Amino acid sequence: MRTLMTIAVGLIIFALILISSKIIKKRADFRLAMWIFMPLWFCLVGWNMYYGISLGYGLMEEIPFFLINFFVPIAVAFLVFKRQFAK
């Protein structure tokens, strides 16, 4: 359940960054949104992994969830880009 909530938060954060870039630049700038989102999301998901380790889970138990939490929102963002912006 926590993984699904983390992925949902990632998608919401990306959407907010993309909307902010549209407000600032008068058009949706996908590249700018990805340059901001990817390092920010990496840090947030890394903190989430650290939190899980501090609760007693092992590093090898947390790495698959880290990868899922990190790459699923990025993959969804690229799919949205392919569908909406790469025409």
Side-chain angles (χ1 to χ4, degrees):
M1 185 64 152
R2 185 171 174 87
T3 301
L4 293 176
M5 290 188 313
T6 304
I7 290 170
V9 167
L11 295 173
I12 291 169
I13 290 172
F14 179 73
L16 291 173
I17 292 172
L18 190 61
I19 291 168
S20 298
S21 74
K22 186 174 183 174
I23 291 170
I24 293 169
K25 297 185 98 177
K26 304 296 183 208
R27 65 180 178 89
D29 190 354
F30 181 79
R31 289 185 181 143
L32 175 64
M34 286 304 287
W35 273 103
I36 293 169
F37 174 67
M38 285 179 60
L40 174 67
W41 188 237
F42 183 81
C43 292
L44 290 173
V45 174
W47 176 83
N48 187 44
M49 184 175 73
Y50 170 76
Y51 181 71
I53 291 171
S54 71
L55 290 177
Y57 294 101
L59 178 65
M60 296 308 290
E61 292 174 315
E62 285 290 323
I63 287 178
F65 293 105
F66 171 82
L67 295 173
I68 291 169
N69 288 336
F70 181 69
F71 285 115
V72 169
I74 291 174
V76 170
F78 276 117
L79 290 174
V80 168
F81 170 73
K82 288 288 188 185
R83 186 168 280 202
Q84 296 294 324
F85 299 106
K87 292 181 180 178

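Fair warning: this is a prediction, and the values are worked out from it, not measured in the lab. Note: hydrogens, waters and symmetry copies are ignored here, and every other heavy atom, side chains too, is used.
Counting heavy atoms from C-beta on, the side chains of Val9 and Leu44 never come closer than 4.5 Å. Between Leu40 and Ile17 the shortest side-chain heavy-atom distance falls below 4.5 Å.
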Starting from the C-alpha separation in whole Å, work towards a yes-or-no answer on side-chain contact (heavy atoms from CB on, under 4.5 Å) for Leu59 and Met49. CA-CA 8 Å; Leu59 178 65; Met49 184 175 73; 4.2 Å; yes
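Put simply, Ile63 and Val45 are part of the same group of oily side chains (I, L, V, M, F, W, Y) that touch within less than 4.5 Å, one to the next. Phe70 and Met60 fall within the same hydrophobic cluster, defined by Ile, Leu, Val, Met, Phe, Trp and Tyr side-chain heavy atoms under 4.5 Å apart, directly or through other members. No path of Ile, Leu, Val, Met, Phe, Trp and Tyr side chains, each step under 4.5 Å between heavy atoms, connects Ile13 with Leu4, placing them in separate hydrophobic clusters. Trp35 and Leu11 fall into different hydrophobic clusters, where Ile, Leu, Val, Met, Phe, Trp and Tyr are joined by side-chain heavy atoms under 4.5 Å apart, directly or via other members.
Here the straight-line distance linking atom CD1 of Ile19 with atom CZ of Phe14 works out to 10.0 Å at 0.5 Å rounding. Atom-to-atom distance recorded for Phe66:CZ and Ile53:CD1 is 10.0 Å, nearest 0.5 angstrom. One distance of note links NZ of Lys22 with CG of Leu32; it measures 14.5 Å at 0.5 Å rounding. How far CD1 of Ile7 is from CD1 of Ile12: 12.0 Å, rounded to the nearest 0.5 Å. With values rounded to the nearest 0.5 angstrom, Met1 atom CE is found 11.0 Å from Thr6 atom OG1. Remark: Met34 CE to Ser21 OG distance equals 12.0 Å, nearest 0.5 Å.
Residues Met38 and Ile74 come closest through the heavy atom pair CG-CD1, 3.9 Å. Of all heavy-atom pairs between Pro73 and Trp41, the closest is CG-NE1, 3.7 Å. Nearest approach of Glu61 to Gly58, heavy atoms of both residues: OE1-N, 2.7 Å.
Aromatic ring centroids of Tyr57 and Tyr51 lie 6.0 Å or more apart.
The aromatic rings of Phe81 and Phe30 lie parallel to each other, with less than 30° between the two planes, well short of the 60° mark.
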